[in-house]
Asks: 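I have a structure I would like to understand better, so I am pasting it below and will then ask my questions one at a time.
This structure is a prediction, so every number in the text was calculated from the model and none was measured.
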Amino acid sequence: LRRVLFAYCDGCNDVQMLAKLDEKKNGLSVVTMAEDERGLGMLLRFCYPVDQPAYDIVEDIVLGLRLVRKFHLTRVQASKSQLRLLANREPERAYAIACTFQPRDEAFAAARNALTTRDVDVPLHPEFGAISSFDLIRLQKYHAAVLSAMRAVFTDLKWLSCKFTTLRPT
């Protein structure tokens with residue numbers, strides 16, 4: 001495990017991580033980690049050089065993003081792409097998760113998808129407790145700007161006065 005982490009994880013080069021990996025117990029090297037079995041399994045799958053696993057459960061997507069951030073797994077994109085898929089199903093929740101883990105493109109995609117659920121009653125997911133009021137206001141301002149632009153398109157119909165040439169059969 002130690003060699004896999006050193007080879008693949010950019011964050012395993014710091015001194016604090018080295019100290020954790022050098023512990024010995026009954027003559028065996030022990031790697032002390034806060035992750036549970038599910039998290040370690042996911043971490044090892046991320047490090048294995050094959051197609052990344054797909055996760056449908058929100059908790060697994062969040063765990064994947066947490067592992068990517070903690071271990072600086074810059075080459076792992078699976079969690080970000082799964083977050084983008086979640087933005088199609090639950091855009092507000094995906095936006096909150098994206099704000100927490102900072103993938104800007106996924107946050108923007110989720111905000112854009114949230115426009116389609118504007119009148120739907122959104123359940124209060126635990127992820128909403130992790131975002132700041134700044135992120136919430138930013139989402140609201142984005143929605144207001146989009147609605148204002150749409151309103152302008154439908155109230156000022158000058159754009160319809162384009163001159164079209166009629167093609168007549170000869």
Asks: Any non-hydrogen side-chain atom of Phe101 less than 4.5 Å from a side-chain atom of Arg66?
Replies: yes
Asks: Give the minimum heavy-atom separation between Cys99 and Asp135, together with the two atoms involved.
Replies: CB-OD2, 3.5 Å
Asks: According to a 4.5 Å side-chain heavy-atom criterion applied to Ile, Leu, Val, Met, Phe, Trp and Tyr, with indirect links allowed, do Phe46 and Val58 form part of one hydrophobic cluster?
Replies: yes
Asks: Specify the closest pair of heavy atoms between Ile97 and Glu127, including all atoms of both residues, with the distance to one decimal.
Replies: CG1-CG, 3.4 Å
Asks: Compute the ring centroids of Phe108 and Tyr142, then answer whether they are less than 6.0 Å apart.
Replies: yes
Asks: What's the separation between atom CG in Asp36 and atom CE in Met42, rounded to the nearest 0.5 Å?
Replies: 9.5 Å
Asks: More than 12 non-hydrogen atoms from neighbouring residues, nucleotides or ligands closer than 6.0 Å to CD on Glu59, yes or no?
Replies: yes
Asks: Over all heavy atoms of both residues, which pair between Gly39 and Leu63 is shortest? Give the atoms and the distance, please.
Replies: CA-CD2, 3.8 Å
Asks: Can you tell me how far the CG atom of Leu43 sits from the CD atom of Glu35, to the nearest 0.5 Å?
Replies: 7.0 Å
Asks: Is Lys80 salt-bridged to Asp105, cutoff N-O under 4.0 Å?
Replies: no
Asks: What distance separates Glu106 CD from Leu85 CG, expressed to the nearest 0.5 Å?
Replies: 10.0 Å
Asks: Do you know the tightest heavy-atom contact between Asn113 and Ala87?
Replies: ND2-O, 3.1 Å
Asks: To the nearest 0.5 Å, what is the distance between CZ (Arg93) and CG (Leu124)?
Replies: 11.5 Å
Asks: Ignoring hydrogens, what is the shortest heavy-atom contact between Thr117 and Pro91? Give both atom names and the distance.
Replies: OG1-CG, 3.8 Å
Asks: Spell out, as yes or no, whether a donor-acceptor pair under 3.5 Å connects the side chain of Ser148 to the backbone of Ala144.
Replies: no
Asks: Given the rule that I, L, V, M, F, W and Y join up when any side-chain heavy atoms are under 4.5 Å apart, are Met150 and Leu115 in one cluster?
Replies: yes
Asks: Could you tell me if Glu92 and His125 have a donor-acceptor pair between their side chains, going purely by distance under 3.5 Å?
Replies: no
Asks: Provide the closest heavy-atom pair for Tyr95 versus Arg138 in the form atom of the first, atom of the second, distance.
Replies: OH-NE, 3.5 Å
Asks: In Å, rounded to the nearest 0.5 Å, how long is the span from CZ of Arg45 to CG of Leu67?
Replies: 11.0 Å
Asks: Measuring from Arg84:CZ to Ile61:CD1, what's the distance to the nearest 0.5 Å?
Replies: 13.0 Å
